[in-house]
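Hydrogens, waters and symmetry mates play no part in the numbers below; they use all other heavy atoms, side chains included. Counting convention: from 1, in listed order, for ligands and their atoms alike. One-based numbering along the sequence shown. This one's a predicted model, so the numbers in the text were calculated from it and none came from an experiment.
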Amino acid sequence: MLEKLNEIEQEALASLAVIEDEAALEAWRVANLGRSSPAMNVFSQMGTLSKEERPLVGQRANQVKVALEKAFAEKLEAVKQAALAKSLATEQLDVTLPGRPAPRGRLHPATQNLRRVLDILAEMGFQVYTARDVESDEYNFQLLNIPPHHPAREMQDTFYVESAQKEGSYSVVMRTHTSPGQIRAMREFSATNPQNPPPIRIALPGMCYRFEQITARSEVQFNQVEGLVVGESITFGDLKGTLSDFARRMFGQHARTRFRSDHFPFTEPSAEMDMECFVCGGKGCPVCKKSGWLEILGCGMVHPTVLQNGGYDPRRYSGFAFGMGPERQIMLRHKINDIRYFWGNDIRFLEQF
Ligand code: PHE
């Protein structure tokens, strides 16, 4: 039996010596120190031994057990150290590698173009004036010479704010255009000096809302930029000069413009400014529908009633106003045929700008 214990010890130590990783070491532990390992079997066979043999074998078996446990602990530590050394050597952090670039956001194409329009107008002396998105029926329509049953209301289907609708007054609306800002600005400026209101040259940007069927050509929300100039002896010539200059700054020095008569209740006379089609150069193509011209903005001389409503005496002051759609300009520029891309939040569209 003592002989057998020596064998067990030597075999176990020999097989331990060649182990190099933790998984093999664990297998060794089960095989050599586990409940059914040869060394442990010796303990369970103690009952079969003679009285004289028993203490000798017991002592020796304990020695073997302790020796194997010690050898196991030492090996475990050695294997762990080796694994650590290996990972330190091979998994080094290479601080010279270039970093991974963080994806950068960008401005929405509508914002980009809106800023460009405002930059150009700023160069031309227009200050930005922000008016409100939620308006009263009075400012959005009535003070702009559009009384409750005026047919011009049909041009702009309106979102009425529900709470107001319940009261039956229909008085709070999402603005359908930026023109109510004209009244807000004129009233604010004229209030500073009612006898001698100061001249005005402002740009009014912002989101407008219309109760429309959403199609490729119409959306329920879109930006507009309104311009308003008021002073003594402002003429239609100023309007044409200013807007033609704007078109050249916006679309290039060779941009040709033309004015067609139109109608808006808040301007008189009213006009539409067209630009020579920049796709075909005026020859006629699908983008300009063969006309050679693209509609860019609505404009006109501020109606005397509107000046009056703003606190400017129409006998002394005159002015012009215009309104344009920055998204429409991008669509024309990049031949985008569906306005829904703008607020659809499809990153594949937005990333192209
Ligand atoms: N408010 C008009 C529209 O939304 C545009 C416009 C503004 C026309 C100013 C004339 C003067 O269609």
Within the 4.0 Å heavy-atom cut-off, what Cys299 brings close to ligand 1 is backbone
At under 4.0 Å between heavy atoms, what of Phe266 touches ligand 1? The answer is side chain
Backbone or side chain, does any N or O of [X] fall under 3.5 Å from an N or O of ligand 1?
X      : result
Ser179 : yes
Glu226 : no
His177 : yes

Taking only non-hydrogen atoms of Arg210, do any sit less than 4.0 angstrom from ligand 1? yes
Q. So, does Met324 sit close enough to ligand 1 that a heavy atom of it is under 4.0 Å from the ligand?
A. no
Check: Does NZ or CZ of Arg333 fall inside the cone over Phe278's six-membered ring, less than 6.0 Å from its centre and within 45° of the axis?
Finding: yes
Pair Lys70 + Glu74: basic N to acidic O under 4.0 Å = yes
Notebook entry, point to check: For the side chain of His177 and the backbone of Tyr209, is there at least one donor-acceptor N/O pair under 3.5 Å apart?
Noted result: no
One finds that the ligand 1 atoms under 4.0 Å from a non-hydrogen atom of Gly323 are 6 (C), 7 (C), 9 (C)
Per-atom filter on ligand 1: closer than 4.0 angstrom to a heavy atom of Gln224 are 3 (C), 4 (O)
- request: May I ask you to check whether over 12 heavy atoms, not counting those of Gln213, lie within 6.0 Å of atom CD?
  value: no
Side chains of Glu327 and Asn113: any donor to acceptor distance under 3.5 Å? no
Between Ala203 and Leu121 the two heavy atoms that sit nearest each other are CB-CD1, 3.8 Å
Per salt bridge (Lys or Arg N to Asp or Glu O under 4.0 Å), Glu123 is matched among Arg249, Arg248, Arg116 by Arg249
